[in-house]
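Contents: one structure, followed by commentary.
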Amino acid sequence: MLSFLAAGTDGAGVNPWVGLAYLVAGVLFILALRGLSHPTTSRAGNRYGMAGMLIAVVTTLVTHDLASLPEILVAIGIGGVIGFVIARRIKMTDMPQLVAAFHSLVGLAAVLVGWAAYLNPEAFSILLPSGAINPVSRLELGLGIAIGAITFSGSVIAFLKLAGKMSGAPILLPARHLINLGTLAAILGLTGWFMTDQAIWIIATITVLAFVIGFLLIIPIGGADMPVVVSMLNSYSGWAAAAMGFTLGNTAMIVTGALVGSSGAILSYIMCRAMNRSFISVIAGGFGAEASAAGGAAKEQRPWKQGSADDAAFMLKQAESVIIIPGYGMAVAQAQHALREMADHLKKEGVSVKYAIHPVAGRMPGHMNVLLAEANVPYDEVFELEDINSEFAQCDVAFIIGANDVVNPAAKTDKSSPIYGMPVFDVDKAKQVFFIKRSMGGVGYAGVDNDVFYMDQTMMLLADAKKMVEDINKALDA
Amino acid sequence: MLSFLAAGTDGAGVNPWVGLAYLVAGVLFILALRGLSHPTTSRAGNRYGMAGMLIAVVTTLVTHDLASLPEILVAIGIGGVIGFVIARRIKMTDMPQLVAAFHSLVGLAAVLVGWAAYLNPEAFSILLPSGAINPVSRLELGLGIAIGAITFSGSVIAFLKLAGKMSGAPILLPARHLINLGTLAAILGLTGWFMTDQAIWIIATITVLAFVIGFLLIIPIGGADMPVVVSMLNSYSGWAAAAMGFTLGNTAMIVTGALVGSSGAILSYIMCRAMNRSFISVIAGGFGAEASAAGGAAKEQRPWKQGSADDAAFMLKQAESVIIIPGYGMAVAQAQHALREMADHLKKEGVSVKYAIHPVAGRMPGHMNVLLAEANVPYDEVFELEDINSEFAQCDVAFIIGANDVVNPAAKTDKSSPIYGMPVFDVDKAKQVFFIKRSMGGVGYAGVDNDVFYMDQTMMLLADAKKMVEDINKALDA
Amino acid sequence: MDFIAILSIFVLACFVGYYVVWSVTPALHTPLMSVTNAISSVIIVGALVASAEAGSATAKWLGLAAVVMASVNIFGGFAVTERMLAMYKKKEKK
Amino acid sequence: MDFIAILSIFVLACFVGYYVVWSVTPALHTPLMSVTNAISSVIIVGALVASAEAGSATAKWLGLAAVVMASVNIFGGFAVTERMLAMYKKKEKK
Ligand SMILES: NC(=O)c1ccc[n+]([C@@H]2O[C@H](COP(=O)([O-])OP(=O)(O)OC[C@H]3O[C@@H](n4cnc5c(N)ncnc54)[C@H](OP(=O)(O)O)[C@@H]3O)[C@@H](O)[C@H]2O)c1
Ligand SMILES: NC(=O)c1ccc[n+]([C@@H]2O[C@H](COP(=O)([O-])OP(=O)(O)OC[C@H]3O[C@@H](n4cnc5c(N)ncnc54)[C@H](OP(=O)(O)O)[C@@H]3O)[C@@H](O)[C@H]2O)c1
């Protein structure tokens, strides 16, 4: 039972130190995520992650034939340089699409590894004495390849929609639910069959169908639901890694798979909860389409007040406390740096400035936080919804910049609104509300009108967010 | 590598379903603790725990020779009846000693199982082909027996001190640190030796030394530090179970060991933190002894006000909000039921009543919460230190009943005090303070004087806590 | 199971233990102690192996004694936890 | 490792994942996504096995392609995470 001093249980002669090394790598990955529980420990966490990866890679290299070490090093080198350059160059506002693009690579890598294992089962020690591939391994390979392929094609679509290279509007095929369910059933059925018959056409068909279903599943989902989809695909890429980990009996892969799988699932859950929508309704797709139609009908002519940058600057100076609510529009306009300058100005005048972040502000979880951090806003001035919402009643100015749905009071009162039940900021309790957006016509992603525009205490500041804030800064300087 | 469909890897022909059953048991134990994150889920959690135990026991029985089923059932029956009767009869105030007593049984059971494995290694599948016991198993057995024995004798002492059957005062041998460290080193050395030589005298010596060291380690620790000791022994009993789990390759035992081990360690840590003392200083012992000497010297004659039950009842009725701070004295006097009645009275008069619990109030973690729950106090009226401490500034009466150290402002101001740095309730900010204790002479466990006695707004209510509260109730009725 | 598998399970279980125990509400720390008491008696598995398998009479009797002790703990621990938990009640809505 | 051992490790790792991810502060959810991106490329282990072992030339080239992709992810993921985390700063004491 205890074979620490004996040889490993599989024929490849794995020795216990190898298992230990992979376990250490797995633990380091756990510590990498654990570090993210606070900004001060997060960088150490990232180093743990790197160390874990190094251990996993080196262990694998030293315990296998190195028939092709040069090729491998070249491959790592190519990939590494590409990855590194992308990471240095990418703009922070483009993070959502970068994450989606990276997922597609993990997915495709999983498909390729699965195929390689199928073609060279001996290398993976999954051959039975009879010369056939172990049926359980076939199950794992089939699942791993299918999940990987779905992750790949789904992430490609998500990337295209987030990067604006494909319209964000949902594309709705007729009978799509039927087609999707049918394809999924076919994949599962074929995977079962594959356990009894290892013919190449079966695994090939699984691969093709999975690529197709990944595509079909994501095109009907609107652009603004993409963050949920990206998290879901993140989760999938984890499960694909875990499936390969089962095949290889590799602790590091299994642990990582479970971590990443949970992470994506929990992020999706958090976002759905913050939008008060069910995961199923997001995945069923079509949200953006119906909503913008509804939004169009709801618009009416009501009086509202427009202000200028000078007005805003004057009143901000008079205020004692200002709460800034950034949203997707701030990211689009890249207004975060100008905003930080404005806050610095105001702080010099003795105004207290805080930032209020909604869990789904922007286009990915934590999106606003990263942008503010990029603009050197200290993270202890940035607050979450539940921590700051009670402060609006005491605040002089609620400064809304590029946010919309997350301040819409219809979520609290109007049962027929598509965002009903979503937790929102109580900006209507603030003494003054400044609302930066480009035009009265434009709406938030949910496509509904916003009563905040028409409140007595609201001043609409219609312009590009960056331009408007820069003008305010000039007025403050003067 | 994947042997789900093949036989188990060890000779005993364990089949995979057995491993699965133990895994399920382990998961159920995790869910049992998880349930305790909230009172509403806690009972379901306890049921999961029971189910897990049932699965573990039944799986073990059906997968082994049942040469002696009747004896086993009788043994379970005897133990079960004893355990059940004790559980029904025990008074809630006696929980600390019950927990200690139960620990001693786990510890002793671990020792016996370890010996049984040594005497019948074949049954535990730890024989090498050579006929010797696997050296790694010998290491595990040695550690398991040693930890079990320490748990046993340590828990017996803790039980005797908590039950008042042995003086709580620390018993300090000369050169005790030297003796303890020497004995520990001897145990470790012998365990190492045991790996190379499986002679019976070695394991016997380990057992005896471990019993002795458990005894020696605990007698110098004062009665009031016993909760930390009990948690530490709780942790040990977990590690002992884990060691046996390694020997048997049993997932349920390993998981449980890790859970219980962490639980005890974390509780010890929480208590030490709440007393602002290091774990080492607690375990080094002698706290009660030095402290009471210091306390004796610190006492001085300062004016204080005494009140009667009638005075207290009158002022309580006038109050708008009352915060009750129970402590060890409430447990000693069993005053919780009378206290609940008093709160009911006050609530009927429109007074808001809350309970404030310090993490180390009483003689075990959560002690006060259980007693209040026993007296039907709803748990949503009971608050933790950090949640309620800011409310004293607004409260009319802080009603201290049998607590002392946890309200001592010296912890905030007096660097020379033995409790300096311990977080305490800010009762000095309340408009009125009522302080129930039996005499001005008696002090809390830290043995230091308390400035709260002498504050202008303090009224001392000197009597047994139960008697005093009953008198207040009579006065309220009148 | 080989040693590394067991070790991996142990290490991960320690992480789980760490998180699951920190998530226990302080009000339930006493039940936590009694329920961990009960579950640590899963050592009864070892006691049952010792008493069920033929081989050594001494081992059998040691095992049976351990079965008794562990059973006291299991039944006592779960029962007293149940009794305590039954006492925790929310304020009744009026 | 036998299947049950692997399964046990997986199940426990899921518990760990659940707790560890819930303890991530919402402000770091974007770095969480990018770092999970990087670590899920541990699938490179499989790619290395495929490309290092003799046996099938196709498998080797598939493996090498997978190595490239996983490396993009590993280097890119960790580097972009590092870049983001370096931006999170506390208010300076004046
Ligand atoms: N973050 C996530 O992970 C996530 C996930 C799923 C769904 N969502 C959804 O995304 C939405 C996010 O809410 P949000 O409040 O951040 O944004 P939003 O509701 O989409 O509103 C964006 C606002 O920014 C304005 N805007 C756009 N570009 C601008 C520019 N260059 N300058 C100035 N203003 C500009 C828009 O008005 P104009 O067009 O008039 O300028 C609009 O008022 C929520 O409905 C949420 O449910 C987010
Ligand atoms: N809970 C834990 O897990 C734990 C762990 C480690 C250490 N401790 C230590 O234990 C102490 C607990 O603090 P605590 O505030 O609960 O208690 P305490 O400081 O020990 O004080 C107990 C108080 O109750 C009074 N008292 C005793 N019997 C009484 C009776 N029958 N009727 C009325 N009053 C009675 C005592 O005064 P008279 O004698 O004058 O009546 C004394 O004022 C702390 O110092 C803590 O550090 C607790």
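Naming convention: chains lettered A, B, ... in sequence-line order (proteins, then strands); numbering from 1 in each chain.
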When rounded to the nearest 0.5 angstrom, what distance separates [atom1] in [X] from [atom2] in [Y]?
X	Y	atom1	atom2	value
D:Met84	A:Leu371	CE	CG	10.5 Å
D:Ser71	A:Ile78	OG	CD1	9.5 Å
D:Leu64	A:Ile76	CG	CD1	9.5 Å
A:Glu140	D:Ile6	CD	CD1	7.0 Å
A:Thr40	D:Tyr88	OG1	OH	13.0 Å
D:Ser51	A:Asn120	OG	CG	10.5 Å

Part of [X] lying under 4.5 Å from any heavy atom of chain D:
X	result
A:Leu23	neither
A:Glu122	neither
A:His103	both
A:Asn234	side chain
A:Val377	backbone
A:Ile30	both
A:Ala56	both
A:Glu381	side chain
A:Tyr269	side chain
A:Pro359	neither
A:Val255	both
A:Thr59	neither
A:Met53	side chain
A:Leu69	neither

Among [options], which residue has the highest count of heavy-atom pairs closer than 4.5 Å to chain A?
options	result
D:Ala38, D:Ala66, D:Ala70, D:Ser41	D:Ala66
D:Val67, D:Val20, D:Val49	D:Val49
D:Leu12, D:Leu62, D:Ile39	D:Ile39
D:Val68, D:Asn73, D:Ile43, D:Val24	D:Asn73
D:Gly63, D:Pro31, D:Ala47, D:Ala86	D:Ala86
D:Val42, D:Ile44, D:Val80, D:Leu48	D:Val42

Pairs of heavy atoms under 4.5 Å with chain D: top-ranked of [options]:
options	answer
A:Arg88, A:Met244, A:His367	A:Arg88
A:Arg43, A:Glu374, A:Arg34, A:Met368	A:Arg43
A:Asp380, A:Leu259, A:Ile82	A:Asp380
A:Val57, A:Ile357, A:Val106	A:Val106
A:Ala109, A:Gly245, A:Ala242	A:Ala109
A:Val111, A:Val85, A:Val113, A:Ile86	A:Val113

Region of [X] in contact with chain A, defined by heavy-atom distances below 4.5 Å:
X	answer
D:Leu32	both
D:Ala5	neither
D:Ile74	side chain
D:Val45	both
D:Ala65	both
D:Leu7	both

Judged by atom type as modelled, is there a donor-acceptor pair below 3.5 Å linking the side chain of [X] to the main-chain atoms of [Y]?
X	Y	answer
A:Thr247	A:Ala243	yes
D:Ser56	D:Ala59	yes
D:Ser40	A:Gly238	no

ask   = In terms of the angle between their ring planes, are D:Phe3 and A:Phe246 parallel, tilted or perpendicular, with boundaries placed at 30° and 60°?
value =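 Aromatic pair D:Phe3/A:Phe246 classed tilted.
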inquiry  = Does the plane of the ring in A:His38 sit parallel, tilted or perpendicular to the ring in A:Tyr379? Use 30° and 60° as the thresholds.
reply    =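 Rings of A:His38 and A:Tyr379: perpendicular, over 60°.
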query = Side-chain donor-acceptor pair under 3.5 Å between D:Ser34 and D:Thr81, yes or no?
reply =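 Yes - a donor-acceptor pair under 3.5 Å links their side chains.
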inquiry  = With no hydrogens and no angle check, just 3.5 Å: does a side-chain donor-acceptor pair link A:Thr60 and A:Tyr22?
reply    =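 There is such a pair (donor and acceptor under 3.5 Å, judged by atom type) between the side chains of A:Thr60 and A:Tyr22.
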task = Please assess A:Leu233 against A:Ser237 for the test side-chain contact (heavy atoms from CB on, under 4.5 Å), listing each intermediate value before the final yes or no.
result = CA-CA 6 Å; A:Leu233 294 170; A:Ser237 73; over 6 Å; no
task = Provide the closest heavy-atom pair for A:Ala258 versus D:Cys14 in the form atom of the first, atom of the second, distance.
result =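 Between these two residues, the closest heavy atoms are CB-N, 3.6 Å.
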key: Member of D:Thr25, D:Val21, D:Leu85 meeting the side chain to side chain contact (heavy atoms under 4.5 Å, CB included) criterion with A:Leu36   =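 The single option meeting the side chain to side chain contact (heavy atoms under 4.5 Å, CB included) with A:Leu36 is D:Leu85.
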request  = Start with the C-alpha gap between D:Leu28 and A:Asn369, add the side-chain angles, then the distance that decides, and say whether side-chain contact (heavy atoms from CB on, under 4.5 Å) holds.
outcome  = CA-CA 7 Å; D:Leu28 295 177; A:Asn369 303 79; over 6 Å; no
request  = Report the C-alpha distance between D:Met87 and A:Met92 in whole Å, list the side-chain angles of each, state the deciding distance to 0.1 Å, and finish with yes or no for side-chain contact (heavy atoms from CB on, under 4.5 Å).
outcome  = CA-CA 11 Å; D:Met87 300 183 319; A:Met92 280 300 136; 3.9 Å; yes
